[in-house]
Amino acid sequence: MPVIYEDAAIIVVDKPHFLATMPRGMWYRQTALMRLRERYGEPQITPAHRLDRATAGVLVFVRDPALRGAYQTLFQDRRAVKTYECAAPLKPVRHPSTGVVRALEPPRPFPLERRSRIVKTRGVLQAREVRGEPNAHTVIDRAQLLGYAHTVGDGCGVRDVHRVHDARAVPIARYVLTPHTGKTHQLRVHMHALGLPIVGDDLYPTIEERAYDDFSRPLELVARRLAFDDPITGAHRVFVSSVPLLQR
């Protein structure tokens with residue numbers, strides 16, 4: 001877990017896939033928080049925000065308890081600008097029956113914005129979109145071709161990404177995602193709703209049971225860039241993840 005930056009107030013790490021931010025369920029010592037506390041011998045270290053266990057990328061921890069509120073409020077108030085990257089099928093966008101899909105530079109299909117209402121029930125693995133006032137907003141852009149993959153399940157899930165095209169394969173592209181809200185699984189839900197499920201997703205479109213120690217197919221979603229004005233010093237901070245997409 002590389003450290004991108006540290007000072008007296010914060011530690012910024014490049015979290016790998018499959019590592020939880022903090023202890024939960026069966027994961028305790030092998031979490032980003034406990035690894036940092038052990039590495040630095042500082043039991044007061046606390047996360048300023050969280051990333052899902054499946055998501056890699058830039059993650060900020062606060063090491064000074066007196067400053068914890070300032071940094072956590074920065075994220076709670078959405079004053080930090082987060083940019084994610086993912087790998088997903090390169091194909092026409094599906095228009096869901098709920099919410100809004102709007103091209104921002106027509107007639108180009110991308111960038112686009114997706115607005116919908118996402119609800120997550122405690123104890124249920126998947127979040128879902130329902131009719132009603134949108135509470136989740138993501139801007140999505142499409143970038144370069146990354147490779148090809150064979151489809152699984154209902155034809156939306158993908159596996160076995162490779163570099164050479166064959167008749168059964170679908171192209172896989174890099175997408176840049178900018179969330180303006182922070183609902184649970186928002187990026188995964190929005191990409192799935194558009195018919196562009198993220199490579200390696202074991203929840204959307206369908207739940208896939210995997211062994212807890214199966215690290216062979218990471219979710220190809222990376223918190224690539226994080227920018228904010230430091231609430232203590234006022235300095236503009238920009239941190240970038242080095243975790244590659246399709247690294248296998």
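- The two residues Arg142 and Pro109 have their closest heavy-atom pair at NH2-CG, 4.2 Å.
- Residues Leu33 and Thr21 are not in side-chain contact: their nearest non-hydrogen atoms beyond the backbone lie 4.5 Å or more apart.
- Side-chain atoms of Arg94 come within 3.5 Å of backbone N or O of Ala193 as a donor-acceptor pair.
- Donor-acceptor pairing under 3.5 Å is recorded for the side chains of Thr138 and Gln186.
- When the side-chain hydrogen bond (donor to acceptor under 3.5 Å, both in side chains) test is applied to Asp214, the partners found at least two apart in sequence or on another chain are Ser216.
- Residues Pro16 and Met1 are in side-chain contact: their nearest non-hydrogen atoms beyond the backbone lie under 4.5 Å apart.
- Remark: side-chain polar atoms of Gln126 are paired, donor with acceptor, to backbone N or O of Leu203 under 3.5 angstrom.
- Across Arg188, Arg128, His185, a single residue satisfies side chain to side chain donor-acceptor pair (under 3.5 Å) together with Tyr204, and that is His185.
- Here the closest non-hydrogen pair linking Leu146 and Ala87 is CD1-CB, 3.8 Å.
- Within the 3.5 Å criterion, the main-chain N or O of His180 finds no donor-acceptor partner in the side chain of Arg78.
- For the 3.5 Å distance criterion, the side chains of Ser116 and Glu129 qualify, holding a donor opposite an acceptor.
- Annotation: the span from Met191 atom CE to Leu196 atom CG amounts to 4.5 Å, rounded to 0.5 Å.
- Note that the CD1 atom of Ile10 and the OH atom of Tyr71 stand 5.0 Å from one another [nearest 0.5 Å].
- For the pair Leu219 and Thr55, the minimum side-chain heavy-atom distance is below 4.5 Å.
- Between the side chain of Thr181 and the main chain of Lys183, no donor-acceptor pair closer than 3.5 Å is present.
- Members clustered with Val119: Val130, by chain and number, using a 4.5 Å side-chain heavy-atom cutoff among hydrophobic residues.
- Distance check: His137 NE2 to Thr178 OG1 gives 9.5 Å after rounding to the nearest 0.5 Å.
- Contact record, Asp230 with Arg237: OD2-NE, 3.3 Å, taken as the closest heavy-atom pair.
- A donor atom on one side chain and an acceptor atom on the other are not found under 3.5 Å apart for Tyr84 and Arg225.
- Side-chain atoms of His192 never come within 3.5 Å of backbone atoms of Pro197 as a donor-acceptor pair (strictly under, hydrogens ignored).
- Side-chain atoms of Asp14 come within 3.5 Å of backbone atoms of Ser242 as a donor-acceptor pair (strictly under, hydrogens ignored).
- Arg224 contributes a side-chain N or O that, together with a main-chain N or O of Ser241, makes up a donor-acceptor pair within less than 3.5 Å.
- At a threshold of 4.5 Å between non-hydrogen side-chain atoms, the residues Val12 and Leu59 do not count as touching.
- Residues Val240 and Val58 form no side-chain contact, since every pair of their non-hydrogen atoms from C-beta on lies 4.5 Å or further apart.
- Counting non-hydrogen atoms of other residues, nucleotides and ligands closer than 6.0 Å to CZ of Arg24 gives a total of 12 or fewer.
- Because its NZ or CZ atom is both nearer than 6.0 Å to the ring centre of Tyr40 and within 45° of the ring axis, Arg63 counts as a cation-pi partner of that residue.
- For the atom pair CG (Leu104) and CG (Asp141), the distance works out to 9.0 Å, reported to the nearest 0.5 Å.
- Within the 4.5 Å cutoff, no side-chain heavy atoms of Leu90 are placed close to those of Val170.
- In this structure the side chain of Arg35 reaches within 4.5 angstrom of the side chain of Leu19, judged on heavy atoms.
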Solution key, residues 46-53 side-chain donor-acceptor pairs under 3.5 Å, sequence neighbours excluded:
from	atom 1	to	atom 2	distance (Å)
Thr46	OG1	Gln44	O	3.1
Thr46	OG1	Arg68	NE	3.2
Thr46	OG1	Arg68	NH2	3.2
His49	NE2	Val60	N	3.0
Arg53	NE	Phe18	O	3.1

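- Put simply, the side chain of Arg117 never gets that close to the backbone of Asn135: no donor and acceptor are under 3.5 Å apart.
- Atom CD1 of Ile45 sits about 10.0 Å away from atom CE of Met34, to the nearest 0.5 Å.
- Of all heavy-atom pairs between Leu125 and Lys120, the closest is O-CE, 3.4 Å.
- In this structure, the side chain of Glu220 engages the main chain of Leu246 through a donor-acceptor pair within 3.5 Å.
- The closest side-chain heavy-atom distance from Val101 to Leu112 is below 4.5 Å.
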